[in-house]
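Written below as structure tokens is the structure these notes are about.
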Amino acid sequence: MEIIFNQEIIECINNPNTLKVIATINNKGIPHVTFKDSISVNENGEIVLCEIIDSSVTNKNLVYSIWFGRSVSINILGINRKSYLIEGIPVRAIIAGKEFQKYYFYMQKKYGNIDLSTVWIIEPQWVKEETLEKRLIEEENKHPIINHLDRILKKKE
Amino acid sequence: MYTREISLIDTIKKYPLISPFIIIKIDAQRRGIEFSKAALSKVDPDIHQVKVRSFSREQKGLYPVALMLRDGTSIITRNNDRLKVREPLEIDVVDDDIVIRDQGKILEKVFYWEKPDYYDKETRRGIPMWKVVNARPQRLDINPYQFCHLWEKNMGCKFCGIAGTYRRSDKPSYLEFNDIDDTITEALKEYGRFTNVFLTGGMVTTGKVLFDDEVNYYIKVLEIIGKHFKTKKFPSQLLGAPYNEEQLKRIYNNTGLMSYSANIEVLNKEKFDWICPGKSAFVGYEKLKERLYKAVDVFGKGYVNTGIVCGVEMAKPYGFSSEEEGIEKTLEEAEKLMKYGVDVVSCVWRVAQESIFFKQKSPSLEYYVKIVQGLDNLRNKYNLCVDMDNYRRCGNHPDTDLSRIW
Ligand code: SF4
């Protein structure tokens, strides 16, 4: 697998204070977005999502994605207001065994006596910085023709 | 008459809305698998589960007992039988990954089941625990009675190979309560592994009333297990004989049991009478259905189901005459049960060499795809929750696998 994330992004994703959302679709194409605190990056550079609730819409949609090779979108917003958009494909649902148990203990340590349904491994396809300041500069450079004219009026003396 | 069969790869292409993972699973069960040398060299008996003793299976070799796909779907199948009724799928190694292959084409990565910590330990009287309680990835399987009274009377179900399995092994007919107690106590020490306890075994017809001895035996086993939990009820399933109302209430009220199944095996009275002569003589098709309906009153909707050995209804010479008819009649009858709140779950008929039907051939892959899709649609239509027998519990029902996405 190609390494997609640099160290800064890995640190941002693995920071417990970062906001993380995942968008998935179901078999009818209906989107679903939800906050997932349990998203992290593992030592292989893959995204790990620990799904607590077996019957959650995200869990069902991730099954749909792995079955039919559909992408999911993840967005993270760090405490420094830097934001990254990641597209990924779920490649594995770990539901039992020693690897699963490793995350089971981790989740219980973090959240107390809660259950764990599935450890999802999501392979990132690409990542893009979406921080507003950066996007504004990009937009100006790439699409100079798109602008409200009043924004470029000469200042009146 | 069987339909002309199309290949696995073409079936996946023909049914783009059905999970390819589940189509692969069905075919691997229907045709069996064969491990290459390289695939066997990936087996580590310290990590993987290679031994199993259940009422229907005995294996202590180097073969993995089952496979898992990337999505968590289990494939419970076996190294191909000597009979080779069909060409098996191949398990091989490519780029260090274990893969499943058909006609030279890699279909998916596969993983071998990991064995639980208790497996190599022994009970207080020195019985290896794997011989007492069998493990699925998240489920503890106990078969307290390892033979079946129907076979003692030569009235066993014609697809069933348990009599042959039993006679070839050295296993006792009944498990000892202390062995069950020791094994369950040990198994529950492994945190994050098990989510369910499952009880089943051959039918015990004796007792004051038909099946009373079986009910009493299961109550005892459930008490042994239940003492470990702080809640009265614990995630569990009993696949037993079709009990009467009093027996159902007794077992529900006096134990921690949460869900119940009694298998109808074939969804047609005439075929049932032929294929399951013992069940037909002791209970009868219509009465079995009535007992399942009663079970819904006792256990609740979503906590009762019945299993079918999908494909046996096509056995020769008295099975359905065409696959179209088999599909139509099976789903028609399944709907009647589901309407009442009894879920119908299917197993793929793997022609067992120890069974009376050992010379038969299972139907085409498409037959299975249409039936499991039909069952999944019906389950959705009648809003039946599949928790009690989903991919995390039994892992042997392709139709409940399909229900993962709704
Ligand atoms: S009831 Fe039928 S399927 Fe079950 S063990 Fe007895 S003979 Fe086999």
Side-chain angles (χ1 to χ4, degrees), chain A residues 1 24-30 32 44 46 49-70 72 88-123, chain B residues 12 15-25 44 46-49 66 68-74 95 97 108-117 135-140 189-196 230 235 302 376 380 385-387 390-393 395 401-406:
Chain A
M1 192 193 82
T24 56
I25 50 159
N26 70 5
N27 57 349
K28 295 182 178 77
I30 298 171
H32 176 83
N44 302 325
E46 297 159 322
L49 186 157
C50 290
E51 179 52 65
I52 299 164
I53 298 169
D54 195 55
S55 66
S56 76
V57 175
T58 300
N59 211 30
K60 290 172 191 199
N61 290 358
L62 284 169
V63 174
Y64 173 70
S65 294
I66 198 171
W67 280 357
F68 298 103
R70 300 278 192 269
V72 298
I89 294 189
V91 290
R92 178 110 197 255
I94 306 173
I95 59 155
K98 293 298 174 212
E99 182 73 359
F100 175 86
Q101 283 164 310
K102 186 181 93 185
Y103 286 100
Y104 183 78
F105 293 130
Y106 165 78
M107 292 295 281
Q108 293 220 329
K109 207 169 150 203
K110 192 167 170 194
Y111 298 102
N113 185 15
I114 55 155
D115 208 351
L116 177 62
S117 160
T118 311
V119 179
W120 282 99
I121 306 294
I122 300 168
E123 211 171 83
Chain B
I12 290 172
Y15 295 90
L17 299 180
I18 305 292
S19 166
F21 288 71
I22 308 310
I23 299 178
I24 293 167
K25 166 180 176 147
D44 182 345
D46 288 333
I47 296 172
H48 302 124
Q49 204 169 321
M68 191 173 274
L69 295 174
R70 287 189 296 121
D71 66 337
T73 293
S74 281
D95 295 334
D97 289 327
E108 259 302 326
K109 275 192 205 176
V110 295
F111 304 86
Y112 301 151
W113 282 9
E114 290 178 32
K115 71 175 176 185
D117 291 347
R136 297 235 168 142
Q138 296 192 310
R139 192 176 82 171
L140 289 161
K189 288 180 187 163
E190 189 177 359
Y191 283 25
R193 171 83 200 211
F194 298 107
T195 63
N196 194 262
K230 57 185 177 197
D376 179 49
N380 196 335
C385 174
V386 79
D387 289 353
N390 69 4
Y391 73 104
R392 290 155 69 89
R393 319 278 182 197
D401 290 336
L402 291 182
S403 305
R404 285 176 72 183
I405 60 168
W406 55 263

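It should be emphasised that the depicted structure is a prediction, and the values quoted were computed from it without experimental measurement. Chain identifiers are assigned alphabetically (A, B, ...) following the order of the sequence lines, protein sequences preceding nucleic acid strands; residue numbering begins at 1 within each chain.
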Return a table of donor-acceptor pairs under 3.5 angstrom between the side chains of residues 57-68 of chain A and protein atoms on other chains or two or more places apart.
{"from": "Asn59(A)", "atom 1": "OD1", "to": "Trp120(A)", "atom 2": "NE1", "distance (Å)": "2.7"}
{"from": "Asn59(A)", "atom 1": "ND2", "to": "Asp54(A)", "atom 2": "O", "distance (Å)": "2.9"}
{"from": "Asn59(A)", "atom 1": "ND2", "to": "Ser117(A)", "atom 2": "OG", "distance (Å)": "3.3"}
{"from": "Lys60(A)", "atom 1": "NZ", "to": "Trp406(B)", "atom 2": "O", "distance (Å)": "2.9"}
{"from": "Asn61(A)", "atom 1": "ND2", "to": "Thr24(A)", "atom 2": "OG1", "distance (Å)": "3.0"}
{"from": "Ser65(A)", "atom 1": "OG", "to": "Asn61(A)", "atom 2": "O", "distance (Å)": "3.1"}
{"from": "Trp67(A)", "atom 1": "NE1", "to": "Ser19(B)", "atom 2": "OG", "distance (Å)": "3.4"}
{"from": "Trp67(A)", "atom 1": "NE1", "to": "Asp71(B)", "atom 2": "OD2", "distance (Å)": "2.7"}

Region of [X] in contact with chain A, defined by heavy-atom distances below 4.5 Å:
{"X": "Ile47(B)", "value": "neither"}
{"X": "Pro116(B)", "value": "neither"}
{"X": "Phe111(B)", "value": "side chain"}
{"X": "Phe21(B)", "value": "side chain"}

Please output the residues of residues 91-105 of chain A in contact with chain B, using a heavy-atom cutoff of under 4.5 Å, in numerical order.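 Hits under 4.5 Å: Val91(A), Arg92(A), Ala93(A), Ile95(A), Ala96(A), Gly97(A), Lys98(A), Phe100(A), Gln101(A), Tyr104(A), Phe105(A).
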
Side chain to side chain donor-acceptor pair (under 3.5 Å) partners of Asn390(B), counting only residues at least two apart: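 So Asn390(B) forms no side chain to side chain donor-acceptor pair (under 3.5 Å) with any residue.
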
Partners of Lys110(A) by side chain to side chain donor-acceptor pair (under 3.5 Å), sequence neighbours excluded?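 Applying side chain to side chain donor-acceptor pair (under 3.5 Å) to Lys110(A) gives none.
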
Neighbour count above 12 (heavy atom, 6.0 Å) for [X] [atom1]:
{"X": "Ile53(A)", "atom1": "CD1", "answer": "no"}
{"X": "Tyr15(B)", "atom1": "OH", "answer": "yes"}
{"X": "Tyr111(A)", "atom1": "OH", "answer": "yes"}

Residue, of Lys115(B), Met68(B), Arg70(B), that accumulates the most heavy atom pairs under 4.5 Å with chain A: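 Looking at each of Lys115(B), Met68(B), Arg70(B) in turn, Arg70(B) comes out on top.
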
Between Arg392(B), Arg193(B), Lys109(B), which has the largest tally of heavy atom pairs under 4.5 Å with chain A?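 Of Arg392(B), Arg193(B), Lys109(B), Arg392(B) has the most heavy-atom pairs under 4.5 Å with chain A.
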
Would you mind checking which part of Asn27(A) comes under 4.5 Å of any heavy atom in chain B, side chain (CB onward), backbone (N, CA, C, O), both or neither?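 Side chain only.
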
